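Treat the numbers as computed from the prediction; the structure is a model and nothing was measured. Lettering follows sequence order; numbering is per chain, from 1.
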Amino acid sequence: MTKHLHQIYQILFEEFGPQYWWPGETRDEIIIGAILTQNTNWANVEKAINNLKEKQLLTLSALTKANQMTVVECIKSAGYFNQKAERLILISKALQSYIPSRDKHEFRSFLLSLKGIGPETADSILLYAYNIPFFVVDAYTKRIFSRLGYILPSQRYSSVQQWIMQYLEPDSDLFNEYHALIVKLAKTKCKKRPMCSSCPLKDLCRYAMNSVLWIL
DNA sequence: GGCCAGGCGGCCC
DNA sequence: GGGCCGCATGGC
């Protein structure tokens with residue numbers, strides 16, 4: 001399986017090239033973006049980030065002192081703005097006063113204990129803001145690996161993550177690029193209604209094989 | 001005009 | 001553990 005996962009990575013990298021993730025410049029911006037992008041199109045998040053930047057609110061320390069309504073106004077475009085504004089401020093305060101632990105699992109547990117940070121957001125922060133190798137699993141990851149035939153769509157986050165991580169060396173650069181390439185494939189080919197005929201993975205995908213059988 | 005987007009928490013059983 | 005609901009904008 002290790003070989004398959006590396007092969008899939010190679011094919012995606014050759015097809016799409018480096019993705020230069022995370023799309024953000026500072027650690028704080030990555031953390032803020034990770035929360036804002038929950039169930040939301042990145043284009044809508046970018047507008048929110050620009051608004052926060054204009055108001056000098058694109059840092060955790062600024063957010064701890066920010067007025068919630070001001071934050072709401074900045075992040076309207078990102079959706080769920082009342083929830084996200086409140087949680088952004090609370091998370092900023094919690095992270096500011098947190099003394100980083102040497103133990104990565106302890107750090108992850110801390111993130112998960114915060115309201116507004118679930119497994120995907122926690123792992124995105126760990127991987128993209130801190131270069132700690134946790135593999136990020138999202139709806140795209142599940143869709144692609146279940147279509148490939150390796151997992152079931154019903155499998156939970158931790159189960160999918162354990163399945164992948166047991167076969168890959170814990171390399172944050174690899175995890176970084178791999179997840180970004182998965183997102184790229186999901187947006188361009190492996191969409192809800194997939195475009196298998198032009199997919200670079202079609203020759204090793206069970207779903208693509210089955211679609212071809214129907215045509216023949 | 002409906003569907004979708006890089007989820008999460010709070011319920012309920 | 002599994003399922004349902006509310007949260008909300010903007011692009012297509």
**Q** Of Gly116(A) and Pro23(A), whose closest DNA chain B nucleotide lies nearer the 5' terminus?
**A** Pro23(A)
**Q** Let me know the distance between NZ of Lys187(A) and C1' of dA5(B), rounded to the nearest Å.
**A** 8 Å
**Q** For Arg143(A), answer base if it contacts any base atom (sugar-phosphate contacts may also be present), sugar-phosphate if it contacts only those atoms, and nothing otherwise; contact means non-hydrogen atoms under 4.0 Å.
**A** sugar-phosphate
**Q** To check you understand the geometry: which heavy-atom pair defines the closest contact between Ile144(A) and Ile182(A), and what is its length?
**A** CD1-O, 3.4 Å
**Q** What heavy-atom pair brings Ala122(A) and Ile117(A) nearest, and what distance separates the two atoms?
**A** N-CG2, 3.6 Å
**Q** Does anything in residues 117-139 of chain A come within less than 4.0 Å of DNA chain C? Heavy atoms only, and list the residues if so.
**A** none
**Q** Could you pull out the closest heavy-atom pair between Phe145(A) and Ile8(A), with the gap in Å?
**A** CE2-CD1, 4.2 Å
**Q** Do any N or O atoms from the side chain of Lys84(A) and from the backbone of Ala78(A) form a donor-acceptor pair under 3.5 angstrom?
**A** yes
**Q** Let me know the distance between CD of Gln38(A) and P of dG7(B), rounded to the nearest Å.
**A** 8 Å
**Q** In whole angstrom, give the distance that lies between atom CG of Asn39(A) and atom C1' of dG10(C).
**A** 13 Å
**Q** Please report the distance separating the P of dG10(B) from the corresponding atom of dA8(C), rounded so that it comes out in whole Å.
**A** 15 Å
**Q** Can you tell me the distance, in whole Å, between the CG atom of Leu152(A) and the C1' atom of dG1(C)?
**A** 15 Å
**Q** Kindly write out the residues that satisfy side-chain hydrogen bond (donor to acceptor under 3.5 Å, both in side chains) with Thr141(A), not counting sequence neighbours, or none if the list is empty.
**A** Asp138(A)
**Q** Got a list of protein N/O to nucleotides 2-4 of chain C N/O distances below 3.5 Å?
**A**
| residue | atom | partner | partner atom | Å |
| --- | --- | --- | --- | --- |
| dG2(C) | OP2 | Arg156(A) | NE | 2.9 |

**Q** Ring pair (Phe, Tyr, Trp, His ring centres under 6.0 Å) with Tyr157(A): which residues, sequence neighbours excluded?
**A** none
**Q** Check the distance between dC8(B)'s P and Ile91(A)'s CD1 and give it to me in whole angstrom.
**A** 10 Å
**Q** Polar atom pairs between nucleotides 10-13 of chain B and protein, under 3.5 Å, N or O only, would you list them?
**A**
| residue | atom | partner | partner atom | Å |
| --- | --- | --- | --- | --- |
| dG10(B) | OP1 | Lys115(A) | NZ | 3.2 |

**Q** Does Asn41(A) put a side-chain nitrogen or oxygen below 4.0 Å from OP1 or OP2 of dC4(B)?
**A** no
**Q** Taking distance alone, no hydrogens or angles, what donor-acceptor pairs closer than 3.5 Å link side-chain atoms of residues 26-33 of chain A to residues at least two apart or in another chain?
**A**
| residue | atom | partner | partner atom | Å |
| --- | --- | --- | --- | --- |
| Thr26(A) | OG1 | Glu29(A) | N | 3.0 |
| Arg27(A) | NE | Ala129(A) | O | 2.9 |
| Arg27(A) | NH2 | Ala129(A) | O | 3.3 |
| Asp28(A) | OD2 | Leu60(A) | N | 2.9 |
| Glu29(A) | OE1 | Glu25(A) | N | 3.2 |

**Q** Figure out the CD/C1' separation between Glu46(A) and dA5(B), and round it to whole Å.
**A** 14 Å
**Q** Base, sugar-phosphate alone, or nothing: which one does Leu112(A) contact when heavy atoms must sit under 4.0 Å apart?
**A** nothing
**Q** Can a side chain N or O of Lys47(A) be found less than 4.0 Å away from OP1 or OP2 on dG11(C)?
**A** yes
**Q** Could you tell me how far dC7(C) sits from dG1(B) if I compare only their P atoms? Round to whole Å.
**A** 22 Å
**Q** In whole angstrom, give the distance that lies between atom NZ of Lys191(A) and atom P of dC12(C).
**A** 12 Å
**Q** Whole angstrom is fine here: how far is it from CG in Leu111(A) over to C1' in dG7(B)?
**A** 15 Å
**Q** Could you give all pairs that pass the ring-ring contact (aromatic ring centres under 6.0 Å, His included) test and reach residues 25-78 of chain A, with sequence neighbours left out?
**A** Trp22(A)-Trp42(A)
**Q** Fill in the dot-bracket string of DNA chain B, one character per base: . for unpaired, | for a pair to another strand, ( ) or [ ] for pairs within the strand, taking Watson-Crick or G-U pairs under 3.5 Å.
**A** .||||.|||||||
**Q** Return each pair, listed once, that meets ring-ring contact (aromatic ring centres under 6.0 Å, His included) where at least one residue sits in residues 44-70 of chain A; pairs must be two or more places apart or across chains.
**A** none
**Q** So, using side chain to side chain contact (heavy atoms under 4.5 Å, CB included) as the criterion, who are the partners of Asn39(A) when residues are at least two apart?
**A** Tyr80(A)
**Q** Give every donor-acceptor pair under 3.5 Å between a side-chain atom in residues 194-208 of chain A and any protein atom, sequence neighbours left out.
**A**
| residue | atom | partner | partner atom | Å |
| --- | --- | --- | --- | --- |
| Ser198(A) | OG | Lys189(A) | NZ | 2.9 |
| Lys202(A) | NZ | Ser197(A) | O | 3.1 |

**Q** What residue pairs, at least two apart or across chains, pass ring-ring contact (aromatic ring centres under 6.0 Å, His included) with a residue in residues 54-73 of chain A?
**A** none
**Q** Got a donor-acceptor contact below 3.5 angstrom from the Gln68(A) side chain to the Ala85(A) backbone?
**A** no
**Q** Taking Lys115(A) for its side chain and Arg87(A) for its backbone only, find out whether a donor-acceptor pair lies under 3.5 Å.
**A** no
**Q** Apply the test ring pair (Phe, Tyr, Trp, His ring centres under 6.0 Å) to residues Phe134(A) and His105(A): give CA-CA distance (whole Å), side-chain angles for both, the deciding distance (0.1 Å), then the verdict.
**A** CA-CA 10 Å; Phe134(A) 283 96; His105(A) 293 99; 5.7 Å; yes
